[in-house]
2 protein chains.
Amino acid sequence: MSSVDRLCEQLKAQGRRLTPQRRAIIQALCDYDSHPTAEQIFARVRQDMPDMSHATVYNTLRELVEMNVLRELDLGLGERHYDLHEGDHAHLICLGCGRIEDVPYDKEAVKLSSRHPHGFRIVDCNVIFRGYCPDCMPQEK
Amino acid sequence: MSSVDRLCEQLKAQGRRLTPQRRAIIQALCDYDSHPTAEQIFARVRQDMPDMSHATVYNTLRELVEMNVLRELDLGLGERHYDLHEGDHAHLICLGCGRIEDVPYDKEAVKLSSRHPHGFRIVDCNVIFRGYCPDCMPQEK
DNA sequence: ATCCCTGCAAAGCCTTTGCAATGCA
DNA sequence: TGCATTGCAAAGGCTTTGCAGGGAT
């Protein structure tokens, strides 16, 4: 079963309706190799469904995030990126060209010390590195 | 020398001009115990300087960020938070009430493996935990 | 048949920008 | 005095909302 089908099943399993629009959005998410924004998804889906509205794209993305199958990344670049990739990984953003790369990291190492008396129930952890990729390295000695 | 004075000195040391507006913004940043947004700074400074403009606040905050004395936090809440605190720490956001807490973390543990061939020159690292604080803990068994 | 979902359009929110006037160095 | 900085107002970009019609279950 493809990723698209699996996600569609998950939608239905939660009592949500599977519409052609939602399937197209999920398809677009799977097609992107990495970290599209809502507008990029919107643009891609519009190629096949010219009547697709912003509302539908944003609503669907929000639902998928609530279902915990999609990760929302706010990188401070003015728009949110979405990440369907599974497994734990950190993100590496190039301050020059804006490209985003996945990098593995040791989840255990980052885990909050249980001795710290914050009392929070942790749901999610995001690790974001900023820097310059080889192509954008500033000229310094 | 107070934190305010120290930051003002740093401004001048970089050839920037020290205006009353900038001093007021720095003062407001120091007054806040934690993580104000640009609008919160704007509102506070306006109490004393009713003519303060958005442009000045946003420009000054951006400069301080460029000077690396202020950290910009994008928590996906629609607005950016600013953090004058020194030293490495992660942030803990409550998904219920939105409060933000600092938590210590082991910077070394998070460091990217140099064996990973990403080739980036890392400038900055942000670790953000999301969860529920004791007051907002969802009712579950 | 129900009511969730969609499309349209407009509003909302935070942030940035343009430009003339001001004032710091 | 020169030029960075300010204030004002408006624009900009992304996201959300309201509502009536339509479609999935």
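Lettering of chains follows the sequences in order, A, B, ..., and the numbering in each one begins at 1. None of these values were measured; they are calculated from a predicted model.
The interatomic distance linking A:Leu11 (CG) with C:dC5 (C1') rounds to 12 Å, in whole Å. Distance CE (B:Met49) to P (D:dT5): 15 Å, rounded to an integer number of Å. Taking atom CD1 on A:Ile26 and atom C1' on C:dC5, their separation rounds to 14 Å, with Å as the unit. Rounded to whole angstrom, the span from the CG atom of A:Leu61 across to the P atom of C:dC5 amounts to 15 Å. The CD1-C1' distance, from B:Ile25 to D:dT5, rounds to 11 Å in whole Å. At whole-Å resolution of the value, CZ in A:Arg62 and C1' in D:dC14 are 14 Å apart. Remark: P of C:dC8 and CG of A:Asp51 are 5 Å apart, rounded to the nearest angstrom. Summarising the geometry, the separation between NE2 on B:His81 and C1' on C:dT15 is reported as 14 Å, rounded to the nearest angstrom.
Ring orientation note: the planes of A:His54 and A:Tyr58 are tilted relative to one another, at an angle of 30° to 60°.
A:Leu11 and A:Met52 end up in the same hydrophobic cluster when Ile, Leu, Val, Met, Phe, Trp and Tyr side chains are linked at under 4.5 Å.
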Take A:His91 and A:His81 through the side-chain hydrogen bond (donor to acceptor under 3.5 Å, both in side chains) test and state the conclusion after the steps.
CA-CA 11 Å; A:His91 290 99; A:His81 294 255; over 6 Å; no

I'd like to know whether A:Glu63 forms a side-chain hydrogen bond (donor to acceptor under 3.5 Å, both in side chains) with A:Asn59, so could you lay out the CA-CA distance, the side-chain angles of the two residues, the decisive distance to 0.1 Å, and finally the verdict.
CA-CA 6 Å; A:Glu63 285 188 32; A:Asn59 285 340; over 6 Å; no

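Closest contact between the side chain of A:His54 and the listed nucleotides C:dC5, D:dT15, C:dT15 involves D:dT15. Of the listed nucleotides (D:dG7, D:dT17, D:dT15), D:dG7 has the atom at the smallest distance from the side chain of B:Met52.
In terms of phosphate contacts, A:Gln21 brings no side-chain nitrogen or oxygen within less than 4.0 Å of OP1 or OP2 of D:dG23. At the phosphate of C:dT16, OP1 or OP2 sits under 4.0 Å from a side-chain N or O atom of B:Arg80. Between D:dT15 and A:Tyr58, a contact under 4.0 Å exists linking OP1 or OP2 to a side-chain N or O. Here B:Thr19 reaches the OP1 or OP2 of D:dT6: one of its side-chain N or O atoms lies under 4.0 Å away. Between D:dA24 and A:Arg22, no contact under 4.0 Å exists linking OP1 or OP2 to a side-chain N or O. Contact check, A:Arg16 against C:dC5: no side-chain N or O comes under 4.0 Å of OP1 or OP2.
Comparing B:Glu79 and B:Asn59, the nucleotide of DNA chain C nearest to each residue sits closer to the 5' end for B:Glu79. Residues B:Pro20 and B:Glu39 each lie close to DNA chain C; by heavy-atom proximity, the contact nearer the 5' end of the strand is made by B:Glu39.
In this model, a side-chain donor or acceptor of B:Arg17 finds a partner on the base of D:dA4 within 3.5 Å.
A donor-acceptor pair under 3.5 Å is absent between the side-chain atoms of A:Arg80 and the main chain of A:Ala38, judged by distance alone.
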